[in-house]
Amino acid sequence: MKLALHGATGRMGQAIVRLAHAAEDLQIVGAVCASVDPAQGKDVGELAGVGTLGVIATADLGVGLLGAEVVIDFSTASAAAGLMAVAARERVAIVSGTTNLDAAGRQALEQAAKSVPTLWAPNMSLGIQVLAELVERALRRLDAEYDVEIVEVHHRRKVDAPSGTARRLAEAARSARSSLSEVTGRSGEVGQRRTDEMGVLAVRGGDVVGDHTIHILGPCERLELTHRATSRDLFAHGAVRAARFVHQRKPGLYGMADVLG
Ligand SMILES: NC(=O)c1ccc[n+]([C@@H]2O[C@H](COP(=O)([O-])OP(=O)(O)OC[C@H]3O[C@@H](n4cnc5c(N)ncnc54)[C@H](OP(=O)(O)O)[C@@H]3O)[C@@H](O)[C@H]2O)c1
């Protein structure tokens, strides 16, 4: 499978270069970076520490996508929307893990899915997908006497909060209990907790890759469902698995639930 990477010089892009380099059935044919990136013009294999691959980081999307069957995107919300339009035009399947897509980004995703297989997941871990399914199932079984709170922990460099994954888990909770509304912080005289509140709270520090716990708090008992990512490679493995899934599939919008089958 011929792969292009968008956001190729970023942390996730580099993790995927290393993984794809080690896989016999994958060939990196293109690497797109930001126009202001000092790594532009450099070999992405050398940047990732796996030796020369002959693939030069370029800011030109047309050049970067040339000959690719699937593009894997881990970039920024604003850059991802532009990629999707070009990939759809060039008939390159899309796997995007970029979080915090705004309305334009989501629209670009839906538009691209009309022409090419397009998979977007704010968390490429299969474990998180199963966790979302467990949350929904638990809340269908437990009534509104059971309060729901989500706590996520991430490294100190993370710039957004709460995480895209915490929002995804909140969505899973809401699909079981539609009345739940997110509260992203509490301070001062906030009054008693309402039954339709769902705290979605962020802790930041150190080098934590990503922990998510859903607390389900009922009378005389507590249920805690936790996922801990121990390495960024988790997301790279998930993205490559997603790329194998979209390869030669029909156009449409897919998620990790489809990859799990
Ligand atoms: N779905 C998942 O499982 C998952 C897992 C981890 C991360 N993420 C998400 O993936 C995204 C990237 O994460 P990361 O940790 O790899 O961040 P990162 O290290 O900052 O990488 C993002 C890369 O995208 C580049 N970029 C910016 N504008 C671009 C453009 N127009 N064209 C091409 N590349 C461009 C950035 O370049 P500059 O540095 O020059 O701006 C940077 O190299 C974030 O949204 C993050 O939340 C998702």
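For ligands, and for the atoms within them, numbers begin at 1 and follow the listed sequence.
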Answer yes if the side chains of D60 and T58 hold a donor-acceptor pair under 3.5 Å, and no otherwise. no
Applying a heavy-atom cut-off of 4.0 Å, say which part of P122 lies close to ligand 1: side chain, backbone, both or neither. backbone
T99, any N or O under 3.5 Å of ligand 1 N or O: yes
Quick note on ligand 1: atoms under 4.0 Å from a heavy atom of T9 include exactly 43 (O)
Donor-acceptor contact present, side-chain T118 to main-chain I94, <3.5 Å: no
Is there a polar contact between ligand 1 and A121, counting only N or O atoms under 3.5 Å apart? yes
Counting from 1 in the order shown, the ligand 1 atoms closer than 4.0 Å to a non-hydrogen atom of R232 are 15 (O)
In ligand 1, which numbered atoms sit nearer than 4.0 Å to a non-hydrogen atom of T76? 27 (C), 28 (N)
Just to confirm, does any protein heavy atom lie below 4.0 Å from atom 47 (O) of ligand 1? yes
Give, for atom CG of L5 and atom CG of D73, the distance between the pair rounded to the nearest 0.5 Å. 10.0 Å
Distance under 4.0 Å to a non-hydrogen atom of G97: what atoms of ligand 1 satisfy this? 1 (N), 2 (C), 4 (C), 8 (N), 9 (C), 10 (O), 48 (C)
How close does the nearest protein non-hydrogen atom get to atom 11 (C) of ligand 1, and which residue and atom is it? S75 O, 3.3 Å
Does the side chain of D25 come within less than 4.5 Å of M1's, by heavy atoms? no
Should you measure from each heavy atom of A79, which atoms of ligand 1 turn up under 4.0 Å away? 28 (N), 29 (C), 30 (C), 31 (N)
For atom 25 (C) of ligand 1, what is the closest protein heavy atom, and at what distance to 0.1 Å? G7 CA, 4.1 Å
Could you tell me whether the side chains of D196 and S179 share a donor-acceptor contact shorter than 3.5 Å? no
Is there any N or O on H6 that sits under 3.5 Å from an N or O of ligand 1? yes
Quick test of your reading of the model: are D258 and R249 salt-bridged, counting only N-O distances below 4.0 Å? no
Starting from atom 3 (O) of ligand 1, what is the nearest protein heavy atom, named by residue and atom, and what distance separates them? M124 N, 2.7 Å
What do we get for F235 next to ligand 1 when only non-hydrogen atoms under 4.0 Å count, side chain, backbone, both or neither? side chain
Give, for atom CD1 of I216 and atom CD of E221, the distance between the pair rounded to the nearest 0.5 Å. 10.0 Å
About how many Å separate CZ of R137 and CG of L225, when rounded to the nearest 0.5 Å? 11.5 Å
Considering only non-hydrogen protein atoms, determine which one is nearest to atom 17 (O) of ligand 1 and report residue, atom name and distance to 0.1 Å. R11 NH2, 3.7 Å
protein heavy-atom neighbour closest to atom 10 (O) of ligand 1 works out as F74 CD2, 3.3 Å
Among protein heavy atoms, which sits nearest to atom 38 (P) of ligand 1, and what does the distance come to when rounded to 0.1 Å? A34 CB, 4.3 Å
For the residue pair E110 and K114, establish whether any side-chain heavy-atom pair is separated by less than 4.5 Å. no
How close does the nearest protein non-hydrogen atom get to atom 42 (C) of ligand 1, and which residue and atom is it? G10 CA, 4.0 Å
Within 4.0 Å of some non-hydrogen atom of M12, the atoms of ligand 1 are 6 (C), 7 (C), 16 (O)
Are the side chains of H6 and L61 in touch, meaning some heavy atoms are under 4.5 Å apart? yes
Going through the distances and angles, do M198 and R174 end up as a side chain to side chain contact (heavy atoms under 4.5 Å, CB included)? CA-CA 9 Å; M198 171 169 54; R174 261 197 308 273; 3.8 Å; yes
Would you say the side chains of S163 and H212 form a donor-acceptor pair under 3.5 Å? yes
Less than 4.0 Å from atom 22 (C) of ligand 1, is there any heavy atom belonging to the protein? yes
